[in-house]
Amino acid sequence: MLDIKVGLLSEFQAGPDPIAVFATEDGGPAAAFLSPKARKALSDAAKDEGFTGKACETASLKFNDGAKERRLVLIGLGKKKDADADAYRKAAAGLFKAFKGRFESLWLLAGPQAAVCTEGLLLGSYQFTEYKKAESEDKLKGVRFAAANAGERNKAQAAVERAALGAEAVCFARDLVNRGPSDKSPEAMADIAKSLAGPEVKVEVIDRKQAEKLGMGLLLAVSRGATKEPRMVHFTYTPKGAKPRKKVAVVGKGVVFDSGGLSLKPPASMETMKDDMSGAALVFGVFKVLARLKLKAEVHGYAALAYNMPGPDAIKPGDVVKAMNGKTVEILNTDAEGRLVLADALHWATQEKPQAILDFATLTGAQLVALGSGITATMTNDKALLAKVAAAGKRCDEATWELPLPKQYEDMVKSKIADLLNIGTVRVEAGTIVGGLFLKHFVGETPWVHLDIAGPAWTGSGNAICPPGGTGALVRTTLDWLAAL
Ligand code: BES
Ligand code: MN
Ligand code: ZN
């Protein structure tokens with residue numbers, strides 16, 4: 001993995017490595033370390049190369065800074081007004097891709113944007129290598145951010161380390177999502193959870209027998225068609241030192257493969273359904289780094305792990321099952337399984353009496369229709385809590401958009417023969433909201449936000465900071481929200 005640190009500008013000046021400098025279309029290269037005269041010469045040289053400063057454009061120049069000739073790399077950010085944190089993150093990823101085969105180490109002049117550049121470098125260089133060798137053996141092994149003095153360096157170093165931990169959590173979640181569905185059974189996932197235990201992180205695993213005793217009827221119902229048994233994972237992070245003032249929970253849908261069950265999906269819809277544990281992967285990612293981030297809150301993490309398969313004993317449309325909280329649910333479509341496993345996980349989470357619960361789930365195809373793969377759908381029973389989560393999303397450039405949980409739709413999850421129905425009474429309407437309305441019955445009075453990440457969890461084409469596959473969406477946002485508690 002790329003080694004990223006912060007050094008002093010003087011160290012750069014003494015050494016032979018090239019330095020990368022950001023540039024905008026209307027402001028030119030931002031090379032504050034050069035004299036005005038040298039800056040002008042650099043601008044001219046860039047123009048001469050045909051470099052305009054467009055977003056993610058790069059150029060490599062030999063440049064004489066007055067003392068000696070050296071290699072200077074330019075990266076475009078687009079127009080000055082568009083050069084926000086996200087532009088830096090993407091440009092840093094572009095920088096890695098452009099020069100990973102060319103230089104062994106690089107300096108990068110990023111000022112206060114060192115942290116987002118760290119994210120861009122680490123997320124942009126991610127490759128999934130479990131089943132085949134890395135596409136490229138990257139030559140580029142180290143990036144140094146250049147700080148003007150020791151004070152600045154120490155501040156930047158701390159920010160870079162936090163960003164690197166966030167990226168590590170994202171990449172860990174991506175690895176789990178990208179793994180084949182037969183290679184991540186609930187049991188195997190639970191073993192991975194156990195490997196994350198440490199002095200501050202406790203891991204409890206509930207197997208089928210214990211789930212029966214606890215009355216987790218919905219989790220058990222979903223996994224009945226599979227030969228592999230379900231698991232429920234409960235992480236507890238207790239920070240060292242002072243008693244935490246906050247106690248919160250994050251809950252993830254962990255359907256390790258969603259075939260639809262007897263309400264079988266068509267083949268094309270199944271192709272990406274190994275990603276149906278992205279909520280659980282998010283929880284795993286968060287707990288991988290929590291202790292090292294030294295967060296102050298007590299954090300509980302839950303992952304509801306099950307296969308959704310057709311099988312001789314699979315749940316059937318028309319079955320009525322009892323949830324851990326005592327409510328009965330009529331199952332008319334076995335493909336609406338996420339809300340079932342989550343319902344028991346949410347109710348279990350409320351027993352810790354957290355001040356807030358966030359759940360993350362690839363819950364509905366309707367989310368993808370409504371908001372696409374770039375915007376997570378949020379629903380809540382507590383506007384103030386949602387405002388904080390949305391603000392964290394904004395800070396991390398992970399967009400969210402609220403959908404309502406209106407009273408007038410509450411009857412859509414009522415069954416004629418049981419307390420609840422697992423699909424909407426009006427089949428094609430408001431699918432994402434119906435999912436949220438169902439889950440609301442399992443959180444009681446606990447402040448709660450439901451985040452439907454069906455679209456954002458996966459990228460078919462890849463993007464500037466993620467190759468095709470699992471994205472690790474909302475992992476950074478969750479860490480940011482936790483850090484601000
Ligand atoms: N895992 C799917 C939702 C999904 C669809 C995620 C596409 C990512 C991409 C979920 O379990 C599901 O099948 N939902 C059904 C619910 C319906 C039967 C009420 C859906 O959205 O079609
Ligand atoms: Mn489904
Ligand atoms: Zn599903």
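In this chain, residues are counted from 1 in sequence order. Quick caveat: nothing in here was measured; it's all calculated off a predicted structure. Atoms within a ligand are numbered from 1 in the order they appear, just like the ligands themselves.
Inclusion of K265 in the set of residues having an N or O under 3.5 Å from an N or O of ligand 1 is warranted. Of the N or O atoms in D275, none lie within a sub-3.5 Å distance of an N or O in ligand 1. Between G365 and ligand 1, a contact under 3.5 Å exists for at least one N or O pair. Residue K253 places at least one N or O, backbone or side chain, under 3.5 Å from an N or O of ligand 1.
Of the options N381, T380, D359, D382, a side-chain hydrogen bond (donor to acceptor under 3.5 Å, both in side chains) to W448 is made by D359 and by none of the others.
Of the listed residues (V434, D258, I453, T272), the one carrying the non-hydrogen atom nearest atom 2 (C) of ligand 1 is D258. The option with the heavy atom closest to atom 1 (N) of ligand 1, from among L363, D276, V341, is D276. The nearest non-hydrogen atom to atom 12 (C) of ligand 1, considering only V428, D335, L340, comes from D335.
Atoms CG and CG, from L420 and L340 in turn, are 10.0 Å apart once rounded to the nearest 0.5 Å. Taking CG from D397 and CD from E119, the interatomic distance works out to 8.5 Å, rounded to the nearest 0.5 Å.
The aromatic rings of F128 and Y131 sit perpendicular to each other, their planes meeting at more than 60°, with 30° as the lower class boundary. Ring-plane geometry between F284 and F235 is classed as perpendicular, the angle between the planes exceeding 60 degrees on a 0 to 90 degree scale with a lower cut at 30. Ring orientation note: the planes of W348 and Y302 are nearly perpendicular, at an angle over 60° on the 30°/60° scale.
Of all atoms in ligand 1, numbered sequentially from 1 with element shown, those under 4.0 Å from a heavy atom of T362 are 1 (N), 2 (C), 3 (C), 6 (C). Within ligand 1, the atoms closer than 4.0 Å to a non-hydrogen atom of N333 are 18 (C), numbered from 1 in the order shown. Residue-ligand proximity, I423 to ligand 1, at heavy-atom distances under 4.0 Å covers atoms 19 (C). Remark: ligand 1 atoms within the under-4.0 Å shell around heavy atoms of E337 are 11 (O).
Excluding water, every protein N/O/S atom under 2.8 Å from the Zn ion (ligand 3) is given here by residue and atom: K253 NZ, D258 OD2, D276 OD2, E337 OE2.
At a threshold of 4.0 Å, the pair K416-E330 does not count as salt-bridged, since none of the basic side-chain nitrogens sits closer than that to a carboxylate oxygen. Under 4.0 Å is where a charged nitrogen must lie from a carboxylate oxygen, and between R179 and D175 no such pair does. The pair R292-E161 does not count as a salt bridge, with every side-chain nitrogen at least 4.0 angstrom from each carboxylate oxygen. Between K253 and D276 there is a salt bridge, with a side-chain nitrogen of the basic residue lying less than 4.0 Å from a carboxylate oxygen of the acidic one. Taking a cutoff of 4.0 Å between a charged side-chain nitrogen and a carboxylate oxygen, K79 and D82 do not qualify as a salt bridge. Between K228 and E187 there is no salt bridge, since no side-chain N of the basic residue sits under 4.0 Å from a carboxylate O of the acidic one.
The name of the N, O or S atom in E337 nearest to the Mn ion (ligand 2) is OE1.
Residue M273 places a heavy atom under 4.0 Å from ligand 1.
Atom 16 (C) of ligand 1 has R339 NH2, 3.9 Å as its closest protein atom, hydrogens excluded (heavy atom only). Looking only at heavy atoms of the protein, atom 17 (C) of ligand 1 is closest to A336 CB, 4.3 Å.
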For D419 and T328, what are the C-alpha separation, side-chain angles and deciding distance, and is it a side-chain hydrogen bond (donor to acceptor under 3.5 Å, both in side chains)?
CA-CA 5 Å; D419 296 324; T328 53; 3.3 Å; yes
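Rounded to 10 degrees, the OD2-metal-O angle spanning D258 and D335 at the Mn ion (ligand 2) equals 170°.
Looking at D452, its side chain does come within 3.5 Å of a backbone N or O of L363 through a donor-acceptor pair.
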